Amino acid sequence: MTSAWPESAELRAGALAARLRAAGCVFAEEEAALLLDAAPDAPELERLVRLRVAGEPLEHLLGWAEFAGLRIAVGPGVFVPRRRSELLVRLALERLEHRAYDPGRPVAVLDLCCGSGALGAGVAAGLTLAGWLPREFELHAADLDPVAAGFARRNLAPFGGHVSIGDLFAPLPAGLRGRADVILANAPYVPSGAVPLMPPEARDHEPLTALDGGADGLGLHRRIAAATGEWLAPGGALIIEVSRGQVGAALGFLGAVGHRGTVEEDEDLDALAIVAA
């Protein structure tokens, strides 16, 4: 089948799902519905399907990824936020809910290695739903990749977020130092040797800097842990995502710089995070 799509919507959806399933798409019916909704005409549908069959991430073709109840804008060359990272958003919201605040100081959240800004957007949206916003609130995000930062600006604009381009804490405004109530860091944690084993969607279409975490996958996490103390407000917390096999090493280097880490898991999301204070 090339461009001769059936005229019947039901037959068209069935044909598309079959084509996607043959290409190895596990959720073929769901993807078919999304692609049909995204394509204004048959030629565009054919273009999208060809790219999807060739391995382009579905989210890049749609222009958005579902995350924490939001549609996060993404595109080619940008890391697609994973559903498991919603655990970090939930932990941040729980932490903020139980914080004691100085009414004269804004609540401040920092999203490091922010990519598309999904974590920061998820936290800000959660605070909005909880009735916290509008109130004094600062949302900052930083990423080394200018393309990712451009998407982060789009996604954080509704919440008044500030996005900086640069290496970890280096590009952040000096006035944020010592004021962050929560620092979220979904830094890359795939060991360099394991990157070639990743699914082609990630390996071939997402930036290497968003995947490769160095020899043991924790290179950036060590740097973040070492500098976090300067940026956290009293009683603040760093929340990071790691794999189960990295927990021992992560707790070790966090403890070495004075942070006590607590491991949090979500079996439904197949997610693991460490909250360090």
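Note that the coordinates shown come from a computational prediction; the quantities given were computed from them, not determined experimentally. What you see below is based on every heavy atom in this structure, not just the backbone, and it leaves out hydrogens, waters and symmetry mates.
At a threshold of 4.5 Å between non-hydrogen side-chain atoms, the residues Arg50 and Arg47 do not count as touching. Looking at heavy atoms from C-beta onward, Ile165 lies out of side-chain contact with Pro171 at the 4.5 angstrom threshold. Taking the side chain as every heavy atom from C-beta outward, Val53 and Cys25 never approach each other to under 4.5 Å. Within the 4.5 Å cutoff, no side-chain heavy atoms of Gln246 are placed close to those of His221. Residues His162 and Pro173 have side chains not in contact (no heavy-atom distance under 4.5 Å, counting atoms from C-beta outward). Taking 4.5 Å as the limit, every side-chain heavy atom of Arg84 sits out of range of all side-chain heavy atoms of Asn186. Residues Pro188 and Asp212 are not in side-chain contact: their nearest non-hydrogen atoms beyond the backbone lie 4.5 Å or more apart.
Minimum heavy-atom separation, Leu139 to Ala124: CD2-CB, 4.1 Å. Heavy atoms only, all atoms of each residue included: Leu88 and Ala273 are closest at CD1-CB, 3.9 Å. Heavy atoms only, all atoms of each residue included: Gly117 and Ala152 are closest at N-CB, 3.9 Å. Residues Pro200 and His205 come closest through the heavy atom pair O-CD2, 3.7 Å. For the residue pair Leu238 and Ala225, the shortest heavy atom distance occurs at CD2-CA, 4.4 Å. Closest approach of Leu16 to Val49, counting heavy atoms only: CD1-CG2, 3.3 Å.
For the atom pair Trp231 CH2 and Ile224 CD1, the distance stands at 13.0 Å (nearest 0.5 Å). From Leu119, atom CG reaches atom CG of Leu112 across 10.5 Å, with rounding to the nearest 0.5 Å. Going from atom CG of Leu269 over to atom CZ of Arg83 covers 6.5 Å, rounded to the nearest 0.5 Å. Expressed to the nearest 0.5 Å, how far CD of Glu94 lies from CG of Leu96 amounts to 10.5 Å. Remark: Leu87 CG to Ile239 CD1 distance equals 8.5 Å, nearest 0.5 Å.
In this structure, Leu220 is a member of the same hydrophobic cluster as Val242, with clusters built from ILVMFWY side-chain heavy atoms closer than 4.5 Å. Put simply, Ile240 and Val190 are part of two different groups of oily side chains (I, L, V, M, F, W, Y) that touch within less than 4.5 Å, one to the next. Leu36 and Leu48 fall within a single hydrophobic cluster, where Ile, Leu, Val, Met, Phe, Trp and Tyr side chains are chained together by heavy-atom contacts under 4.5 Å. Under a hydrophobic-cluster definition in which Ile, Leu, Val, Met, Phe, Trp and Tyr are linked whenever side-chain heavy atoms come within less than 4.5 Å, directly or via other members, Phe137 and Leu232 are assigned to different clusters. Hydrophobic cluster membership is shared by Phe79 and Met198, with clusters built from Ile, Leu, Val, Met, Phe, Trp and Tyr side chains linked at under 4.5 angstrom.
Under the 3.5 Å distance criterion, the side-chain polar atoms of Asp181 are matched with a main-chain donor or acceptor of Ala108. A distance-only check finds a donor-acceptor pair linking the side chain of Asp143 to the backbone of Gly115 [under 3.5 Å].
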Residue pair Val89, Leu184: steps toward the side chain to side chain contact (heavy atoms under 4.5 Å, CB included) verdict: CA-CA 8 Å; Val89 171; Leu184 297 158; 5.7 Å; no
Check against side chain to side chain contact (heavy atoms under 4.5 Å, CB included), Phe169 and Leu176: CA-CA 10 Å; Phe169 296 94; Leu176 182 62; over 6 Å; no
Derivation and outcome, side chain to side chain contact (heavy atoms under 4.5 Å, CB included), residues Val123 and Asp111: CA-CA 10 Å; Val123 172; Asp111 182 359; over 6 Å; no
Salt bridge (charged side-chain N to carboxylate O under 4.0 Å, His left out) between Asp270 and Arg244, intermediate numbers included: CA-CA 10 Å; Asp270 190 26; Arg244 286 175 176 80; 3.3 Å; yes
Worked verdict on Ile274 versus Leu254 for side chain to side chain contact (heavy atoms under 4.5 Å, CB included): CA-CA 10 Å; Ile274 297 177; Leu254 285 165; 3.7 Å; yes
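Salt bridge Arg95/Glu264: absent, no basic N to carboxylate O contact under 4.0 Å. Between Glu241 and Arg82 no salt bridge is recorded (no basic side-chain N to carboxylate O distance below 4.0 Å).
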Using residues 64-77 as the side-chain source, report each donor-acceptor pair under 3.5 Å to any protein atom, sequence neighbours left out, with the distance given to one decimal.
none

Which side-chain N or O atoms in residues 144-151 pair as donor and acceptor under 3.5 Å with protein atoms at least two apart or in another chain?
from	atom 1	to	atom 2	distance (Å)
Asp145	OD1	Val147	N	3.0

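Residues that satisfy the side chain to side chain donor-acceptor pair (under 3.5 Å) test with Glu201, not counting sequence neighbours, are Arg52. For Arg260, there are no side-chain contact (heavy atoms from CB on, under 4.5 Å) partners, not counting sequence neighbours. Asp266 meets the salt bridge (Lys or Arg N to Asp or Glu O under 4.0 Å) test with Arg90; sequence neighbours excluded.
Pairs passing the salt bridge (Lys or Arg N to Asp or Glu O under 4.0 Å) check and including a residue from residues 216-234, sequence neighbours excluded, read Asp167-Arg223, Arg177-Glu230, Asp216-Arg222.
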